[in-house]
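Reviewing the structure listed below.
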Amino acid sequence: MIKQYFAQAWAQLRQQPMMSAVSIAGTALAIFLIMLVVMMQQVKVAPFAPESNRDRFLHVKAMSISNSNWGDGTSNGPMSVQTARECFQSLKTPEAVTIYTIFPVSTPVSLPGKPAVSVDLRQTDDIFWRVFDFSFINGKPYDKAVFDAGQPVAVLTESVARSLFGTTDVAGREFLLSHAPYRVAGVVKDVSTLADCAYGQVWVPYTSTGMDNETWNDRHMGMMSCTMLARSRDDFPAIRQEAERRKSEYNTLIGENGWKLIYRNRPYDQEKNAIAFGANIEPDVNAARRQRIIIFVILLIVPAINLSSMTQSRLRQRVSEIGVRRAFGSTRMELIGQIVAENLVMTLLAGVVGLLLSVAFAYVGNTLLFAQEFSQTLNPPEVDASILLHASTFGWALLFCFVLNLMSSGFPAWKASRIGIVNALGGRLH
């Protein structure tokens, strides 16, 4: 039966090449546009190295704090190391909790006597290397002993290592970071800026720079954020409950001086964190989903209307064939099923073309397509197959092909099945 559908679809392609080409092009364009929207969302939430555990992440990028002397006013932004440790790194339910600077900062690096180059520096703790799965090609990450001692060590990306030393085999060698000597602990593969939490070009212990002393609001606010790695998504409610209990305890302690932390339902999962903008505004995930659904519906309905008229035009030329099938006992549902299945073959062909076009455009237009709303780095977002192509990507493409096929061929097929046998045999539509 499936072989027959393919044979019939191929016959239609040969008999009406121009109309078939237009139909395939229209379907491919619709799938192309839809998959671009899907990819723009996927790069924010789908796992890829070094954020391969995004489905188990909970984030606290920023928060608010109030004081009894401020009335209804709040101070909003990232937290201090002290707050992150007391409120989040002390939690028992997560597998690991890492503290790091909220965004990378452009910083000069050089070799003695050589011109400096600018890199994106992120300051972290030692747990950072357990939460995020970097690929080390030389050396290793700094450990707890090095972090606690505040030793001046760094992890570089391979591009920075080559820029400084001309090679990636540089573990143990020294360079200057903001004119201070640092030793290379390890070298990792380059990281895309789309890995918002893990991205950097150089990583150092924040204890080596005194970042833990960069605070305000009585040492409660600073420049740090944190990411929690849950053992599974099923632990999210327990982690949030424990975080709320710890916040209440900490607020009781700092409340003696009039301070109060405000989380706004943090920590957020990856999807919610990806659309979070301000520390004093809780993002509306449902509104963002509705917006995407409206975009999908528009991108499906418009081409479906045009493709439906093309399908109906093709069926007009097959009225006699439909009459013969009905005369030999085919039911209306069998006719509808056959027409929809034949059209699905062409839709899938167009879907493959649309998906390939969307991937190609994502590679070529990555700077335009994946531009981040707020970023501290001037480096353009880089994409590769591991970022763009997931099982869900193909699943979405297949789903949209199926939906578009039903929308464009379902009504014409139903209408064709309603033609009387005598009229159909005579080539009449009514």
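- Considering all non-hydrogen atoms of both residues, K61 and C197 come closest at NZ-SG, 4.2 Å.
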### Query
Going through the checks in order, is the side-chain contact (heavy atoms from CB on, under 4.5 Å) test met by R240 and D269?
CA-CA 11 Å; R240 290 189 173 107; D269 62 15; 4.1 Å; yes
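- The shortest non-hydrogen separation linking T83 to M63 is CG2-SD, 4.2 Å.
- For Y263, the ring pair (Phe, Tyr, Trp, His ring centres under 6.0 Å) criterion is met by F88, not counting sequence neighbours.
- Taking W216 as the reference, nothing meets the ring pair (Phe, Tyr, Trp, His ring centres under 6.0 Å) condition, with sequence neighbours excluded.
- Shown here are the salt bridge (Lys or Arg N to Asp or Glu O under 4.0 Å) partners of E249, two or more places apart in sequence or in another chain: R246.
- You'll find the side chain of M39 reaches within 4.5 Å of the side chain of V359, heavy atoms only.
- For G73 against S66, the heavy-atom pair with the smallest separation is O-CB, 3.8 Å.
- With sequence neighbours excluded, no residue forms a salt bridge (Lys or Arg N to Asp or Glu O under 4.0 Å) with D212.
- For the residue pair D190 / S159, a side-chain donor-acceptor distance below 3.5 Å is found, with atom types taken as modelled.
- Remark: K260 engages no residue in a salt bridge (Lys or Arg N to Asp or Glu O under 4.0 Å) (not counting sequence neighbours).
- The side-chain heavy atoms of T93 and L91, taken from C-beta on, include no pair separated by under 4.5 Å.
- Residue pairs meeting the salt bridge (Lys or Arg N to Asp or Glu O under 4.0 Å) criterion with at least one member in residues 294-303: none, sequence neighbours excluded.
- In this model, no donor atom of one side chain and acceptor atom of the other lie less than 3.5 Å apart for T215 and Q82.
- Here CE of M79 is found 12.5 Å from CD of E86. Values are rounded to the nearest 0.5 Å.
- Counting only distance, with no hydrogens or angles, the side chain of T107 and the backbone of V105 share a donor-acceptor pair below 3.5 Å.
- S110 is linked by a side-chain contact (heavy atoms from CB on, under 4.5 Å) to A116, L176, counting only residues two or more places apart in sequence or in another chain.
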### Query
Could you walk me through whether L121 and V204 pass the side-chain contact (heavy atoms from CB on, under 4.5 Å) check?
CA-CA 8 Å; L121 172 70; V204 301; 3.8 Å; yes
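- Looking at residues two or more places apart in sequence or on another chain, you find a side-chain contact (heavy atoms from CB on, under 4.5 Å) between V285 and E271, K272, I275, R289.
- A side chain to side chain donor-acceptor pair (under 3.5 Å) with T98 holds for exactly one of D125, D126, T227; it is D125.
- When the side-chain contact (heavy atoms from CB on, under 4.5 Å) test is applied to S64, the partners found at least two apart in sequence or on another chain are T74, N76, I262, R264, N280.
- In terms of heavy atoms, F103 sits closest to R122 at CA-NH2, 3.3 Å.
- Between the Q270 side chain and the K44 main chain, a donor and an acceptor come within less than 3.5 Å of each other.
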### Intermediate values then yes/no, side-chain contact (heavy atoms from CB on, under 4.5 Å), M228 and D235
CA-CA 11 Å; M228 288 164 258; D235 290 341; over 6 Å; no
### Task
Take V155 and V187 through the test side-chain contact (heavy atoms from CB on, under 4.5 Å) and record every step on the way to the result.
CA-CA 6 Å; V155 173; V187 178; over 6 Å; no
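- There is no side-chain donor-acceptor pair under 3.5 Å between H220 and S80.
- Annotation: ring pair (Phe, Tyr, Trp, His ring centres under 6.0 Å) contacts of F134 (sequence neighbours excluded): F128, W129, W203.
- Here the closest non-hydrogen pair linking A154 and V202 is CB-CG1, 4.0 Å.
- Formation of a donor-acceptor pair under 3.5 Å by the R233 side chain with backbone atoms of F57 is not found in this model.
- Between A195 and V191, the closest heavy-atom pair is CB-CG1, 3.9 Å.
- Ring planes of Y100 and F132: perpendicular class, angle over 60° (limits at 30 and 60°).
- Taking the salt bridge (Lys or Arg N to Asp or Glu O under 4.0 Å) definition, one finds that R290 meets it with nothing, sequence neighbours left out.
- For the residue pair S106 / S118, a side-chain donor-acceptor distance below 3.5 Å is found, with atom types taken as modelled.
- Under the side-chain contact (heavy atoms from CB on, under 4.5 Å) criterion, R85 pairs with V81, Q89, I99, F147, Y206, not counting sequence neighbours.
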